[in-house]
There are 2 protein chains.
Amino acid sequence: MSSSNSPAEAGGAAAIDVDRALMATLARDGRASFTELAERVGLSVSAVHQRVRRLEQRGLITGYRATLDATQLGLPLTAFVSITPTDSQTDDAPALLAHLSAIEECHAVAGVESYILKVRVASPDALEALLKEIRSAANVTTRTAVVLSTSYEDRPPI
Amino acid sequence: MSSSNSPAEAGGAAAIDVDRALMATLARDGRASFTELAERVGLSVSAVHQRVRRLEQRGLITGYRATLDATQLGLPLTAFVSITPTDSQTDDAPALLAHLSAIEECHAVAGVESYILKVRVASPDALEALLKEIRSAANVTTRTAVVLSTSYEDRPPI
DNA sequence: TGTGAAAAATGGGGCGC
DNA sequence: GCGCCCCATTTTTCACA
């Protein structure tokens, strides 16, 4: 890989298609066996094993996760919280909020606000408490969009 | 489980802690072996196997996914798109937008706008094209927050 | 890279408690 | 609901092409 960036050098376009097929399959079923993957792409089990290990090492596959039902876990309420720092000097909201496990995602964004958080809580009361905690911990103002329903979530990028 | 909803009946609070530990472990490593899970919670492999199967059947574990690096897949640009229907009569934006694979999530929300989308694209040009497509396909106005950096994403709810 | 086979580990189910 | 035994399947590694 040090001598070329061209995908054509080491197997051609078909190799990329195979890798994409493997990733697409694993993105939808993270416990798919190598046997199943091998049948799907038409290669031997060990060839597939080798390819998947390389995808992991190269960081294309970053990990494997079980997905949990937040509602059944007692966290039926999802919201997007956009925050704006009050004090423009010390803008380290992500670090100040990292300990709040209700926060599932934290993105810095360009737009009216500085950060967007995705949070999951047990109830409106819990959301109110969380918002108060966010405001005081990170010295920010908040704007909240409560999720009413989710049409789709976690659709794989490929 | 049909005779009682009380967790205390079938093993007490410890059973819940074990299940939570299993879910927390699998949420972080979806390919953890039953042997590894058994060691972690101090039960036999078959007991763990039994518990995980029940968690799957009850829908607490909804599936297993490999997580992919969108940037390495050629989708380095993430954005949150808030949309408002122009025509208040036919508000079926999620269905009208489902075919756009760049849309990773679609939530109906209470707030200024009606829906929030999370999208991943290859470039600013691709984002512009996607926004045009969203507006014309679903008859909506859009407000976009481009993600500059992501502090954390996909933190498990437990 | 890919293939095939062999060794090590795991998955999956039944039985007694 | 848990622990133990058994066996099919899978994972993982190897030499060879």
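Values reported hereafter were calculated over all heavy atoms of this structure, with side chains retained and with hydrogens, waters and symmetry mates removed. By convention in this document, chain letters (A, B, ...) are assigned in the order of the sequence lines, proteins followed by strands, and residues within each chain are numbered from 1.
Counting heavy atoms from C-beta outward, Leu100(A) and Glu133(A) have side chains that approach closer than 4.5 Å.
Other residues, nucleotides and ligands contribute only 12 or fewer heavy atoms inside 6.0 Å of the CZ atom of Arg40(B).
Remark: C1' of dC2(D) and CG of Asp19(B) are 14 Å apart, rounded to the nearest angstrom.
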(message) For a quick check, with a 4.0 angstrom heavy-atom cut-off, what is the B/S/- contact string for nucleotides 3-17 of chain D, read 5' to 3'?
(response) BB-----SSSB----

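Residues Tyr152(A) and His107(B) keep their aromatic ring centres 6.0 Å or farther apart.
Checked by atom type, the side-chain pair Thr62(A)/Thr67(B) shows a donor-acceptor distance below 3.5 Å.
By the side-chain contact (heavy atoms from CB on, under 4.5 Å) test, Val45(A) pairs with Phe34(A), Thr35(A), Ala38(A), sequence neighbours left out.
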